[in-house]
Every structure is written in structure tokens, then in C-alpha cells.
Engineer: 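Would you mind keeping the following structure in view while I ask a few things?
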Protein chains: 2
Amino acid sequence: MGVKGEETRARLIAGTRTLIEAQGYFGTGLNQIVAEAGAPRGSLYFHFPEGKDQLVAAALTQAGQEVGDLLASLAAEGADSGALTERLTEVFAERLARSDYTKGCPIATVALEVAGTNEPLRAVCAEVYESWQRVLAGRLETEGFRPAEAATAAGQALALMEGAVLLASVRRSREPLDHAQHAVRHLLGTQPAAARTA
Amino acid sequence: MGVKGEETRARLIAGTRTLIEAQGYFGTGLNQIVAEAGAPRGSLYFHFPEGKDQLVAAALTQAGQEVGDLLASLAAEGADSGALTERLTEVFAERLARSDYTKGCPIATVALEVAGTNEPLRAVCAEVYESWQRVLAGRLETEGFRPAEAATAAGQALALMEGAVLLASVRRSREPLDHAQHAVRHLLGTQPAAARTA
DNA sequence: CTGAATCTGTAGACCGGTCTGTATATTTTT
DNA sequence: AAAAATATACAGACCGGTCTACAGATTCAG
């Protein structure tokens, strides 16, 4: 596969990400995607022969991996669970603010749309969320949580943050995210960064 | 307006609720709605002259009010905040299980789809969530929370439950909802003292 | 009491446009 | 020249929305 082919493929995924994050799966058409990516229709079906679902799956996977890699690298640098969740909350808050509250979690909208009707895409969304949860749970284990409790606590923290993104999108305000961050700290039993350094 | 007219209108709203809760806003077409409701297209535009958005707004409002009325009646009977959230969690869990995990929160999917692109519907979703939050916050005030802290805690609890519905839908399991319920109890039970001293 | 006018609501054909996906021709790269 | 990739025309289905026709009840003049 040549350089140009890779670039077109990358632009298609990037365009798909941009659009589905703001409009969801059904709200985004292939015409819109190829226009956004500056690629012709034929190229789309050359690079993604299975069509829209394959393209959306690639976009979700890439977006999920970016966030997962960020969390994993923070954890590798020794960030504690409170710092991990704070950073994730901040990522979502920043995305919302910079997009005028059109893009929150890159997975959530599609996840809810397809969970009941599109099993392959549901599985992709589930894997992304589980990968995020695994990183957080792993960190919690090094802080003394037993494996089962770490998984539960990580799931609760993730639910809190995802729900806060939903409320923040609907209210057009980052306040729910900031309140969620405090609640997550409380649930996980860690002190805020300000208190730690004091 | 005759009896039959009211019935057709009610069937249209009921059909719309059924479909958008499982498939979202963009995933549900008017052909599907009129088929589900057993009503002709002309009746749809007679009862809802502004079209799809007016119909969806009516469906969201009705679904939101049903849940809100349930919470309000429980609160009037003296249920405490833990019982309110437990019941709301149970409503969502039951809906998911009975629909084979296709219907969770009746608002969430549409809320995320339209938050960035359809201001009137976004406002409807926001009002539903705020009405739920108000009931819970009101109960928290009678339990000793100051108004500001009650609103914050109610928002955190709502975020936790909504996020748990998302994760439960994607995982096809009620486990996230059960874990969320424990976390909500923890948040609401321990925060008053800290909030008062803050 | 009748029968035409009116109102409510039903019924579905039809509009332009967009949807996902296919087929085929052409250009670029190797 | 072969392979990789681009480019576009096209197909059939469906989209939301508009339009006209008409069925059944109600009203009201005579």
C-alpha cells in the first residue's frame, strides 16, 4: 500500500471521527464523510470494502486507542488514579468547549445508537470502554485495591464520567464534569492534586 | 377533538417512544413510526403539523414526565434519597432487561444525538433531566443538604446513573447499574457532613 | 325532520432529495 | 505492463414533508 493510499485511508477515518462524534452514526452519511475527507466514493469502498460499519469501527477504535494510550502513558509515568480520572475528565471538558459542545465522548453517542441493533459495532464500543476501565483498575490495584474491588470502582468512575459528559453536552456547561471529578475523587478515596502537593 | 383523534395521536406518540428509545432520533424514520402506530401519514401531519421534531419532542416529554411523576410520588410518600435513586436505577435495569438491552434511559440516546445540532430538542432533553434532578435535590434538602450542595449531589447521582445505563446497554448486563447504585448511596450518605463544613 | 355545509380526521400517492452501495473507467505508482 | 488507487456515474431504497381526496360526524337553515 503506497503512501498516498495510506493518506486517503487516514483522511477517511479522520473525517468519520469528526462527523460521528458530533452527529452520531445514523446522523452521518457517507456523502458527508467523503466530502469532509476530500476523497471520492470509490476510494472509500476500496479501503473499506465492508462499507460504513467497517469505517465507523475503525474510527471508534482509533479514537478509543488515543484515549487509552494517553491513560496508559500517564499510568506508566506513575500518575495515581485521581490524576488519571482528572485527566480524562479534562479531555472531555476540553473537547466539549473547543467544539461548542458538539463533541463529548467519542464513543458514547454511537454506543447508545447501535447497542441494541448492531452487534459488531456494539462489541467495538464495549471493548473500548473495557480497555479504559482496565487501565484505571490496574492503577487502583497498585494503590491497594483488590482486583474485584478495583474493577468495580473503575467501572463506577467511568460511569460517572460518561454520565457527566452526557449532562454537560445537554446543558452546554462543563459544570457536571467538574462536579463529577469531585465525586470520583470521593469514590476512589484519593486526595486532589492540590492537597497532595501541600 | 374527538375520541378517535385522541387515540391516533396517542398511538403516534407511543410508537415514536418505542422506536426512538431503541434506535435514536436519526435511526427512526417516519415510515417506521406510522407503521408502528398503525396510522396514515396524513394523520401524523394533522396532529403534529411541525413534523418529526414536534412528534419526538412530545414523546420525550411524555417519557420524561412518567419518570418524573414516579419520582415525585415516591418523594411525596416520604421515600428518602437512597430509595429514590434505587428506584430509578431499578426502572432502568428493568427496561433494559425486558427489552433485551435495547431500551435504557428514554432520553439519553436522543439527547446525545441532537445536543449539538438541534437546539429545540436539546432544550427538551435538558428540561427533562433538570426536572428529575430537581425532585432528587428537593429530597436531599429535606435531609439536611443546603440547596447548592443538594443540587450538586443530585447532579452527581444522575450522572452516575446515566453513565451506568450507557455501560449496561453496551455490556448487555445490569451489573454497572447495580454497582452505580452502591456508589450513589455512598456519595449521598457521606457527603452532607463534608458539604456543610465546606 | 331533512339535507346541504362544515369540521375533524383518515388515507395514501407523490415530491425532491439523500441514503448506502456497485460498476466501471481512468489515473498513478511500482 | 501490472497493480494500486482514484474518480465518477449510477441503482434502488428510503428520507421528511406536501398534497389532494374523502369518510364520518355535527351543525344549522328551511
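Basis for what follows: all heavy atoms, side chains included, without hydrogens, waters or symmetry-related copies. We name chains A, B, ... by the order of the sequence lines, and we start the count at 1 in each one.
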Engineer: List, one per line, each side-chain donor-acceptor pair under 3.5 Å for residues 31-44 of chain A, sequence neighbours excluded.
Structural biologist:
| unit_1 | atom_1 | unit_2 | atom_2 | d |
| --- | --- | --- | --- | --- |
| A/Asn31 | OD1 | A/Arg41 | NH1 | 2.9 |
| A/Gln32 | NE2 | A/Gln23 | OE1 | 3.2 |

Engineer: Without decimals, in angstroms, what is the distance between B/Leu12 CG and C/dA11 C1'?
Structural biologist: 13 Å
Engineer: Let me have the donor-acceptor pairs involving side chains of residues 103-117 of chain B, under 3.5 Å, with sequence neighbours excluded, atom names and distances please.
Structural biologist:
| unit_1 | atom_1 | unit_2 | atom_2 | d |
| --- | --- | --- | --- | --- |
| B/Glu113 | OE1 | B/Tyr25 | N | 2.5 |
| B/Glu113 | OE2 | B/Phe26 | N | 3.3 |

Engineer: According to salt bridge (charged side-chain N to carboxylate O under 4.0 Å, His left out), who are the partners of A/Arg134, at least two apart in sequence or on a separate chain?
Structural biologist: A/Glu127
Engineer: Using a cut-off of strictly less than 4.0 Å, decide whether A/His47 has a side-chain nitrogen or oxygen near OP1 or OP2 of D/dT6.
Structural biologist: yes
Engineer: Looking only at side-chain atoms of B/Thr8, point me to the closest of C/dT10, D/dA7, D/dA4.
Structural biologist: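 So the side chain of B/Thr8 is nearest to C/dT10.
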Engineer: Can you tell me how far P of C/dG21 sits from OH of A/Tyr45, to the nearest Å?
Structural biologist: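 Going from A/Tyr45 (OH) to C/dG21 (P), I get 4 Å.
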Engineer: Heavy-atom contacts under 4.0 Å between residues 111-125 of chain A and DNA chain D, which residues?
Structural biologist: none
Engineer: Please list, chain by chain and in numerical order, all residues satisfying side chain to side chain contact (heavy atoms under 4.5 Å, CB included) with A/Ala168, sequence neighbours excluded.
Structural biologist: A/Leu96, A/Pro176, A/Leu177
Engineer: Enumerate donor-acceptor pairs with a distance under 3.5 Å from any side-chain N or O in residues 62-72 of chain A to protein atoms, sequence neighbours excluded.
Structural biologist:
| unit_1 | atom_1 | unit_2 | atom_2 | d |
| --- | --- | --- | --- | --- |
| A/Gln62 | OE1 | A/Arg17 | NH1 | 2.8 |
| A/Glu66 | OE1 | A/Arg17 | NH2 | 3.1 |
| A/Glu66 | OE2 | A/Arg17 | NH1 | 2.9 |

Engineer: By side chain to side chain contact (heavy atoms under 4.5 Å, CB included), which residues pair with B/Thr102, not counting sequence neighbours?
Structural biologist: B/Ala22, B/Ser99
Engineer: What is the distance from CZ of B/Phe46 to C1' of D/dA23, rounded to the nearest Å?
Structural biologist: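 After rounding, the reported distance stands at 14 Å.
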Engineer: So, using salt bridge (charged side-chain N to carboxylate O under 4.0 Å, His left out) as the criterion, who are the partners of B/Glu162 when residues are at least two apart?
Structural biologist: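 With neighbours one apart ignored, the set is empty.
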Engineer: Please answer whether the main-chain N or O of A/Gln181 pairs with a side-chain N or O of A/Glu86 as donor and acceptor at a distance below 3.5 Å.
Structural biologist: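 Such a contact is absent between A/Glu86 side chain and A/Gln181 backbone.
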Engineer: Polar atoms only, N or O, under 3.5 Å: list the protein pairs with nucleotides 13-19 of chain C and their distances.
Structural biologist:
| unit_1 | atom_1 | unit_2 | atom_2 | d |
| --- | --- | --- | --- | --- |
| C/dC19 | OP2 | A/Asn31 | ND2 | 2.8 |

Engineer: A/Leu19 CG to C/dT20 P: how many Å, rounded?
Structural biologist: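 Value for this atom pair: 11 Å.
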Engineer: Using whole Å, what does the distance between atom C1' of nucleotide C/dT22 and atom CZ of A/Phe48 come to?
Structural biologist: 18 Å
